[in-house]
Amino acid sequence: MKAIKNYINGQWVDSKSTQILDVMNPATTEVIARVPLSTPDEVRTAIEAAKDAFWEWRETPPLSRVRYMFRLKDLMEEHFEELSRVIVQEEGKCIDEARGEVRRAIEQVEVATGIPSLMMGYNLEDIAMGIDEYCVRQPLGVFCAIAPFNFPLMVSLWFLPYAVACGNTYIVKPSEQVPLSQNRLFELMDEAGFPEGVVNLVNGAKEVVDTLLESPDVEGVSFVGSTRVGRYIYQKAAENGKRAQCQTGAKNFLVVMPDANLDRTVASLLTSFFGCAGERCLSGAVLLAVGDIYEPLKERFVDAASRLKVGYGLDETVQMGPVISKSHMERVLGHIEKGLEEGAKLVLDGRTTEVEEYPNGFFIGPTIFDQVRPQMTIANEEIFGPVACIIKTRDLDEAIDIIHANPYGNAASIYTSSGKWAREFNYRVQCGNIGINIGIVAPMAFFPFSGCKDSFFGDLHGQGRDAIDFFTENKIVISRWF
Ligand code: NAD
């Protein structure tokens, strides 16, 4: 049984905490590791190490700093399959989905190798005669990431490579439900030879987060997780004078217009709603079928979903894995009950799905509700499981009104052959990520990961140029030489 350690100041250290949690494989329910909830003193040691490492690291030329990223990228490629398997074992997604996660994680490291160009400032000579002005971007100090369970490897890498390549030092707090992928990533960072204190890993939960947020030596926080916790973190970071970017919950609406290509649309809907067992902040949640497409769309969507193979993600033929935990499974099942109570009709009931080899696994099969009304709880709250709600709408206007009535603003998609409808959707819909005939709108590493309303708290997003702005301070120099 692996006992998870912290990585502080270039050393693997055992936590002295008496609070230790089991890490469970959600498909097999086997306990695969034990993770400590580290103490405030241990967090402070990590902050101290990161603070001490900062000056030497910021003086290291950017080109030298990114050489560590090149090494990390090579190591991640070398261990690609192993990293993918660790993700499946602790999180439950299918092996191909895990490979996708590792690929996306590597892409972040690749893009951060461009920091020497990306963090360049700008200048103007002769703002008055003989006076020049220029703007440089400087790193600030210690930053941290607080990550959710659903992308155990990738999420910290939405932030760390940019922060560190810009010259900051870093602390990651992974989700206590899935500490193994970050543990392996930090072993690779250790092998890549990052100087002591530049990258640190502290396991734990709320107490670790609060200690990070209360420390005057932490400059900023990147959070990814639920809206409830994200709102709390944003407020607490502001109270303590820190930069904060909090990517939070979602309820994503997918609109299908009468002229959509049905074959292609249904294939895309399947991965959107049921990929990663619906545990993606970009997963489809509500299907808005416009006009006459409603009946044929429903029939084909239900038929295709009913044929998805559910099971343990290490089996290459499995198409959908379990949800993360027993308590989360009960929460999703509670939402299904609530949908029935409120009068929606189940046209595909995933509660009956059984996986013979793993009878205790946290499996829920693809579930589809029809006759959903926009006011119902299942049409409004984030379920974060393999549950789709179908609502029939009269036209695109009604569909957009339903989307806008929802508090979240992470992603929305339209399926159509009409440029006019697509343009109208993309122009009007208040969501950070818009898909046109695309069901998972995951921005590449060189674009910001957008999101608005209750799906994001902050102003500068993760990834892309926003990341450079978040992790640096502009300094203006005005000079005149006599
Ligand atoms: P969560 O909010 O429960 O946990 C996220 C992190 O916060 C974990 O590291 C956890 O230890 C910590 N945490 C939990 N409670 C805390 C508290 N009271 N105080 C301080 N820290 C606390 O989220 P989760 O269940 O791990 O992840 C699922 C959520 O993440 C979903 O809502 C999903 O939409 C969201 N998510 C959003 C994005 C995005 O980019 N918008 C991406 C992935 C996941």
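Just follow the structure's listing: the first ligand is 1, and inside any ligand the first atom is 1. Quick caveat, the model's predicted, so the values are computed rather than measured.
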Top protein contact for atom 39 (C) of ligand 1, by heavy-atom distance: C281 SG, 3.2 Å
Aromatic ring proximity Y68/W57, centre distance under 6.0 Å: yes
Does only the side chain of Y408 get under 4.0 Å from ligand 1, or the backbone, or both, or neither? Count heavy atoms. neither
Identify the protein heavy atom lying closest to atom 41 (N) of ligand 1, giving its residue, its atom name and the separation to 0.1 Å. T248 O, 2.8 Å
Closest non-hydrogen protein atom to atom 19 (N) of ligand 1, residue and atom name please, with distance? K206 CG, 3.4 Å
Taking N or O atoms only and a 3.5 Å limit, does K173 qualify as a polar contact for ligand 1? yes
When you measure from atom 4 (O) of ligand 1 to the protein, is at least one non-hydrogen atom found at a distance under 4.0 Å? no
How far apart are the C-alpha atoms of I336 and F369, what are their side-chain angles, what is the distance that settles it, and do they pass the side-chain contact (heavy atoms from CB on, under 4.5 Å) test? CA-CA 9 Å; I336 297 175; F369 274 111; 3.9 Å; yes
Side-chain donor-acceptor pair under 3.5 Å between N410 and N252, yes or no? no
In terms of residue, atom name and distance, what is the protein heavy atom nearest to atom 8 (C) of ligand 1? A147 O, 3.1 Å
Does atom CZ of R465 have more than 12 heavy-atom neighbours from other groups under 6.0 Å away? no
What atoms in ligand 1 come closer than 4.0 Å to a heavy atom of G249? 32 (O), 34 (O)
For ligand 1, which atoms have a heavy atom of N150 less than 4.0 angstrom away? 43 (C), 44 (C)
Evaluate the criterion ring pair (Phe, Tyr, Trp, His ring centres under 6.0 Å) for residue pair F471 and F143; output intermediate values, then yes/no. CA-CA 8 Å; F471 292 119; F143 279 84; 4.9 Å; yes
Under 3.5 Å: N/O of W158 near N/O of ligand 1: no
Classify the contact between E382 and ligand 1 as side chain, backbone, both or neither, using a heavy-atom distance cut-off of under 4.0 Å. side chain
Nearest to atom 23 (O) of ligand 1, what protein heavy atom do you find, and at what distance? S226 N, 3.4 Å
Winner among P148, G225, G432 once heavy atoms are compared against atom 29 (C) of ligand 1: G225
The criterion is salt bridge (charged side-chain N to carboxylate O under 4.0 Å, His left out); which residues satisfy it with K173, sequence neighbours excluded? E176
If you measure every N/O of Q247 against every N/O of ligand 1, is any gap under 3.5 Å? yes
Basic-acidic side-chain contact under 4.0 Å: E110, K73: yes
With no hydrogens and no angle check, do the side chains of E90 and S181 hold a donor and an acceptor under 3.5 Å apart? yes
Test of understanding: given a 4.0 Å heavy-atom threshold, classify the contact between E176 and ligand 1 as side chain, backbone, both, or neither. side chain
Charged tip of K93 within 45° of F151 ring normal and under 6.0 Å: yes
So for F223 against ligand 1, with non-hydrogen atoms under 4.0 Å, the contacting part is side chain
Which atoms of ligand 1 have any heavy atom of F449 under 4.0 Å away? 40 (O)
Among all protein heavy atoms, pick the one closest to atom 12 (C) of ligand 1 and tell me residue, atom and distance. I146 CG2, 4.2 Å
Any side-chain donor paired with an acceptor under 3.5 Å for S450 and N433? no
Identify the closest protein heavy atom to atom 15 (N) of ligand 1: which residue and atom is it, and at what distance? V229 CG2, 3.5 Å
Backbone, side chain, both or neither: what part of F384 comes under 4.0 angstrom of ligand 1, heavy atoms only? side chain
Are F301 and F273, when compared by the centres of their aromatic rings, separated by less than 6.0 Å? yes
I need the nearest protein heavy-atom contact for atom 21 (N) of ligand 1: residue, atom name and distance, please. V209 CG2, 3.5 Å
Look at the rings of F384 and H328 and say which category their plane angle falls in: under 30° parallel, 30 to 60° tilted, over 60° perpendicular. perpendicular
Cation-pi check for Y234 against R231: NZ or CZ below 6.0 Å from the six-membered ring centre and within 45 degrees of the axis, yes or no? no
